[in-house]
J.: 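The structure under discussion is supplied below as structure tokens; questions concerning it will follow.
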Amino acid sequence: MRKSHPVRRVVLATAATVSGVVLLLSLKPASDPAAASAAGAAPQATAAGQESPQGGSRGAAPAGSGTVTGDAVRTQYGPVQVRLTVAGGRITKAEAVQAPKGGLSDQKTQLAVPKLNQEAVAAGTADIDAVSGATYTSEGYKKSLQSALDKVKPASSGTSGAAGSARARTVTGKAVRTPYGPVQVRITVAGGKITEAEAVQAPKGGLSDQKTQLAVPKLNQEAVAAGTADIDAVSGATYTSTGYRQSLQSALDQAGG
């Protein structure tokens, strides 16, 4: 049997030691705490980068916003003109930039206009109640308010299809004669519904003035609420009520209602 040479044993032992060191060095990075920390930090940084753009984004401004002024409407006591502030298609502020002035008109304007402004914002339409004792101012206010609303519509609605068919239009019924004078009704129709009704002619003079001031606002409200000419007569103003209904029906016939 051959004896192994001492030098050979030393060489083999050295080779085994070197191999062991190399193996340990190759395993060390996998268990390095610093490397593990760096690997875990990368996903967190990515997540933070995704959240930042979301927090900084802003929505677009709503359509139908700005200020519009209605037509100046003449009344027996002076012009009435309404200005609206609109945001997102809704009335946020209403004000009368013109209203009757002088003498008793000052008191009536100070009483009526704030109430009309509040009603316009609350209702969002021109279908608001007249203020007692300020009938002419109230009617002028509603007309100017409607004209201002008509100017808002193009900014908040489409220009074709259903939006076009819902656009408001105004028709006037025939003048109906009564023993106390003619009665004639004008209505505004939008989307197949009456949005405003007014008597452009009504009995005047003496006791007729009182009856007209009492009856016409009620008839206007009933016409809008009912959407037809089937409305009740106002007690004490039978002839005016009958003429109003006949003129209202002729206006509805013209509007196709």
Side-chain angles (χ1 to χ4, degrees), residues 59 61-75 77-101 105-158 162-163 166-170 185-200 213-228 231-232 234 244 248 257:
S65 302
T67 302
V68 290
T69 304
D71 299 334
V73 178
R74 294 187 178 277
T75 74
Y77 300 101
V80 180
Q81 188 173 28
V82 179
R83 177 188 297 145
L84 300 178
T85 301
V86 182
R90 300 187 65 178
I91 299 173
T92 59
K93 182 181 178 182
E95 56 184 325
V97 293
Q98 289 192 71
K101 296 179 181 180
S105 294
D106 286 339
Q107 298 179 14
K108 291 187 176 182
T109 292
Q110 291 176 4
L111 170 69
V113 168
K115 293 182 179 180
L116 294 167
N117 290 339
Q118 292 175 3
E119 288 189 22
V121 173
T125 70
D127 184 19
I128 58 179
D129 294 332
V131 175
S132 178
T135 304
Y136 291 107
T137 297
S138 299
E139 291 300 317
Y141 187 101
K142 290 194 287 185
K143 291 177 185 178
S144 183
L145 172 58
Q146 183 61 60
S147 71
L149 287 169
D150 290 342
K151 296 176 183 178
V152 174
K153 287 178 181 178
S156 58
S157 61
R167 188 166 297 172
R169 68 191 191 101
T170 302
V185 179
R186 177 187 296 144
I187 59 175
T188 301
V189 181
K193 293 184 178 181
I194 299 175
T195 59
E196 183 181 1
E198 56 180 324
V200 293
Q213 291 178 3
L214 170 69
V216 169
K218 292 183 179 180
L219 293 167
N220 290 340
Q221 291 175 7
E222 287 189 20
V224 173
T228 70
I231 58 178
D232 294 331
V234 176
Y244 187 102
L248 173 58

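Predicted model, so just to flag it, every value in this text is computed and none were measured.
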J.: In the structure I gave you, are the side-chain heavy atoms of Val80 and Val113 within less than 4.5 Å of one another anywhere?
T.: no
J.: For residues 213-228, which residue pairs qualify under side chain to side chain donor-acceptor pair (under 3.5 Å), counting only residues two or more places apart or in two chains?
T.: Asp129-Gln221, Asn220-Tyr244
J.: Where do Ala87 and Thr92 come nearest, in terms of heavy atoms and distance?
T.: CB-CG2, 3.8 Å
J.: I need the Asp150 CG to Thr170 OG1 distance, nearest 0.5 Å.
T.: 7.5 Å
J.: Compare every heavy atom of Ala126 with every heavy atom of Leu145, then report the nearest pair and how far apart it is.
T.: CD2-CA, 3.7 Å
J.: So, taking the atom named NZ in Lys93 and the one named OG1 in Thr85, what distance separates them when rounded to the nearest 0.5 Å?
T.: 5.5 Å
J.: If only atom types and distance count, is the side chain of Thr188 paired as donor or acceptor with the main-chain N or O of Thr195 below 3.5 Å?
T.: no
J.: Output all residues satisfying salt bridge (charged side-chain N to carboxylate O under 4.0 Å, His left out) with Asp127, sequence neighbours left out; order by chain, then residue number.
T.: none
J.: So which atom in Ala134 and which in Ala112 form the shortest heavy-atom distance, rounded to 0.1 Å?
T.: CB-CB, 3.6 Å
J.: In Å, rounded to the nearest 0.5 Å, how long is the span from CG of Leu116 to OG1 of Thr137?
T.: 8.0 Å
J.: How would you list, by chain and number, every residue that makes a side-chain contact (heavy atoms from CB on, under 4.5 Å) with Ala225, sequence neighbours excluded?
T.: none
J.: Could you list all the ring-ring contact (aromatic ring centres under 6.0 Å, His included) pairs where at least one residue sits in residues 106-141, not counting sequence neighbours?
T.: Tyr77-Tyr136
J.: Working note: Lys101 + Asp106, criterion side chain to side chain contact (heavy atoms under 4.5 Å, CB included); need CA distance, chi angles, decisive distance, verdict.
T.: CA-CA 5 Å; Lys101 296 179 181 180; Asp106 286 339; 3.7 Å; yes
J.: For residues 77-88, which residue pairs qualify under salt bridge (Lys or Arg N to Asp or Glu O under 4.0 Å), counting only residues two or more places apart or in two chains?
T.: Arg83-Glu95
J.: How close do Gln98 and Ala72 get, counting heavy atoms only, and between which atoms?
T.: NE2-CB, 3.9 Å
J.: Measuring only between side-chain heavy atoms, which start at C-beta, is Leu248 closer than 4.5 Å to Ile231?
T.: yes
J.: On a heavy-atom basis, which atom in Ala148 and which in Val68 lie closest, and how many Å separate them?
T.: O-CG2, 3.7 Å
J.: Atom CD of Gln81 and atom OG of Ser147: how far apart are they, to the nearest 0.5 Å?
T.: 8.0 Å
J.: Donor-acceptor check, side chain of Ser144 to backbone of Asp71, threshold 3.5 angstrom: yes or no?
T.: yes
J.: At their closest point, which heavy atom of Ala94 faces which heavy atom of Leu84, and how far apart are they?
T.: CB-CD2, 3.7 Å
J.: May I ask you to decide if Gly227's main-chain N or O and Lys193's side chain share a donor-acceptor pair within less than 3.5 Å?
T.: no
J.: Which pairs, with at least one residue in residues 132-147 and sequence neighbours excluded, count as a salt bridge (Lys or Arg N to Asp or Glu O under 4.0 Å)?
T.: Glu139-Lys142, Lys143-Glu198
